[in-house]
Amino acid sequence: MKVTAEDFKTFLKNVVTMIEEQKDYLCELDRKLGDGDHGVTMSIGWQAVNEKLDGELKDEKDSAKISILIGRTFLSAVGSSVGPLYATGFMRGAKAFQGKLELGDEELKDFWVAFVQGIKERGKAEVGDKTMIDTLQPALESLQSNFAQTNDFVASFTEAVKAAEQGMESTKEMLSKRGRSSRLGERSLGTMDPGATSSYMILNTFLTTIKSAQTV
């Protein structure tokens with residue numbers, strides 16, 4: 001498949017819309033585990049991204065430049081821990097797009113591999129810590145494994161999103177080990193991690209965006 005910078009910007013715009021729709025739900029999850037502001041924090045970051053998309057990036061045709069600026073914008077807008085994580089993901093992922101006007105299966109796979117690995121390295125969390133890594137690591141492993149067999153990005157990413165959803169849901173039965181929610185002990189059981197939830201939503205938004213682009 002081929003994805004253009006316009007398709008990539010459509011994905012980012014779709015995330016902006018999705019985060020606004022899910023903001024209250026993400027805050028509700030976070031109220032049970034932390035400050036209760038995850039939805040608001042994500043909204044602040046993505047609204048800043050939206051301003052860039054409507055302004056500086058409106059006519060940009062270079063997906064690498066778009067991804068780098070999105071990362072920097074998110075970092076500037078969001079001071080909490082999630083800011084540096086997503087910033088690192090987008091800035092690492094940009095390397096897969098360098099010099100490419102159209103993004104093929106290989107570039108898209110490389111983007112998401114670099115995106116997740118960047119977040120992992122920056123955040124230093126592991127599977128089982130009740131964080132976004134519980135969503136992202138299963139997605140990464142599924143994507144790499146399936147793509148190695150098929151070289152088909154959409155099929156592989158579809159399976160990766162299923163793995164991400166299972167990972168997200170697994171956080172319900174985990175004790176929080178990092179951040180403020182780690183003080184809750186057993187009270188952190190029974191609630192999905194908000195960061196794991198929002199990262200699943202972003203992956204799923206990318207999948208629905210590229211599937212729509214394919215049918216146009």
Side-chain angles (χ1 to χ4, degrees), residues 1-4 7-19 22 26 42 46 63-64 66-67 70-71 74 82 85-97 100 102-174 192-215:
M1 73 171 304
K2 293 294 181 189
V3 167
T4 64
D7 296 323
F8 188 52
K9 285 188 274 188
T10 297
F11 153 61
L12 296 166
K13 277 280 191 181
N14 288 345
V15 174
V16 172
T17 303
M18 177 275 291
I19 290 293
Q22 300 294 336
L26 293 171
M42 291 294 282
W46 283 97
S63 294
I66 294 166
S67 195
I70 293 311
F74 203 87
V82 76
L85 295 175
Y86 276 110
T88 303
F90 278 110
M91 291 168 83
R92 292 279 184 88
K95 292 175 185 173
F97 293 165
K100 307 278 184 182
E102 285 192 329
L103 313 170
D105 292 57
E106 192 79 34
E107 289 82 22
L108 294 169
K109 183 266 294 181
D110 288 346
F111 172 84
W112 285 107
V113 168
F115 183 92
V116 174
Q117 288 176 339
I119 288 175
K120 274 187 70 186
E121 285 173 29
R122 188 67 188 255
K124 301 191 166 35
E126 301 293 336
V127 169
D129 286 349
K130 195 165 178 142
T131 71
M132 63 201 295
I133 295 304
D134 291 299
T135 292
L136 294 176
Q137 181 65 25
L140 172 67
E141 290 172 5
S142 173
L143 177 60
Q144 287 177 310
S145 168
N146 282 297
F147 193 85
Q149 294 170 27
T150 66
N151 285 325
D152 181 328
F153 177 76
V154 175
S156 301
F157 201 73
T158 299
E159 293 306 309
V161 170
K162 289 178 188 172
E165 185 173 22
Q166 290 176 348
M168 170 190 74
E169 289 175 350
S170 75
T171 64
K172 266 188 198 170
E173 307 313 319
M174 291 177 187
M192 282 192 309
D193 178 69
T197 304
S198 58
S199 58
Y200 162 73
M201 291 171 173
I202 288 171
L203 295 180
N204 192 50
T205 299
F206 189 74
L207 180 60
T208 56
T209 302
I210 58 168
K211 282 187 170 178
S212 295
Q214 273 193 310
T215 58

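- For Thr208, the side-chain hydrogen bond (donor to acceptor under 3.5 Å, both in side chains) test picks out no residue, with sequence neighbours left out.
- The line from CG of Asp7 to CG of Leu103 is 8.5 Å long, rounded to the nearest 0.5 Å.
- Evaluation of the side-chain contact (heavy atoms from CB on, under 4.5 Å) rule for Lys95 yields Arg92 as partners, not counting sequence neighbours.
- Residues passing the side-chain hydrogen bond (donor to acceptor under 3.5 Å, both in side chains) test with Ser67: none are found, sequence neighbours excluded.
- For Val113, the side-chain contact (heavy atoms from CB on, under 4.5 Å) partners two or more places apart in sequence, or in a different chain, are Lys109, Gln117, Leu140, Leu143, Gln144.
- The salt bridge (charged side-chain N to carboxylate O under 4.0 Å, His left out) analysis of residues 9-19, with sequence neighbours excluded, yields the pairs Glu6-Lys9, Lys13-Asp54.
- Applying the side-chain contact (heavy atoms from CB on, under 4.5 Å) rule to Asn14 yields the partners Thr10, Thr205, Thr209; only residues at least two apart in sequence or on another chain are considered.
- Atom OG1 of Thr88 and atom NZ of Lys120 lie 14.5 Å apart (nearest 0.5 Å).
- Note: Phe74 CZ to Leu12 CG = 11.5 Å, rounded to the nearest 0.5 Å.
- Partners of Lys2 according to the salt bridge (charged side-chain N to carboxylate O under 4.0 Å, His left out) rule, which considers only residues two or more places apart in sequence or in another chain, do not exist here.
- In this structure the side chain of Leu203 reaches within 4.5 angstrom of the side chain of Leu136, judged on heavy atoms.
- Between Lys130 atom NZ and Met192 atom CE the span is 9.5 Å, to the nearest 0.5 Å.
- Thr171 places a side-chain N or O within donor-acceptor distance of the main-chain N or O of Asp193, the cut-off being under 3.5 Å.
- Taking all atoms of both residues into account, the shortest heavy-atom contact from Val154 to Lys211 is CG1-CE, 4.1 Å.
- Within the model, atoms CE of Met132 and OG1 of Thr197 stand 11.0 Å from one another, a figure rounded to the nearest 0.5 Å.
- Note on ring orientation: taking the six-membered ring where Trp is involved, the planes of Phe111 and Phe90 are tilted (angle from 30° to 60°).
- With a 4.5 Å cut-off on side-chain heavy atoms, Met201 and Leu26 count as touching.
- Applying the salt bridge (charged side-chain N to carboxylate O under 4.0 Å, His left out) rule to Glu159 yields the partners Lys162; only residues at least two apart in sequence or on another chain are considered.
- Remark: Glu107 engages Lys100 in a salt bridge (charged side-chain N to carboxylate O under 4.0 Å, His left out) (not counting sequence neighbours).
- Between the CD atom in Glu169 and the OG1 atom in Thr135 there is a gap of 9.5 Å [rounded to 0.5 Å].
- The aromatic rings of Tyr86 and Phe115 are tilted relative to each other, their planes meeting at an angle between 30° and 60°.
- Residues satisfying the side-chain hydrogen bond (donor to acceptor under 3.5 Å, both in side chains) criterion with Asn146, sequence neighbours excluded, are Ser142.
- The shortest non-hydrogen separation linking Ser63 to Phe8 is O-CE2, 3.9 Å.
- A 4.5 Å side-chain heavy-atom check between Phe97 and Asp110 finds every atom pair outside the cut-off.
- Remark: side-chain polar atoms of Asp134 are not paired, donor with acceptor, to backbone N or O of Val127 under 3.5 angstrom.
- In this structure, the ring pair (Phe, Tyr, Trp, His ring centres under 6.0 Å) partners of Phe157, at least two apart in sequence or on a different chain, are Trp112, Phe153, Phe206.
- Checked against side-chain contact (heavy atoms from CB on, under 4.5 Å), Glu141 has the following partners two or more places apart in sequence or in another chain: Gln137.
- The closest side-chain heavy-atom distance from Asp105 to Met1 is below 4.5 Å.
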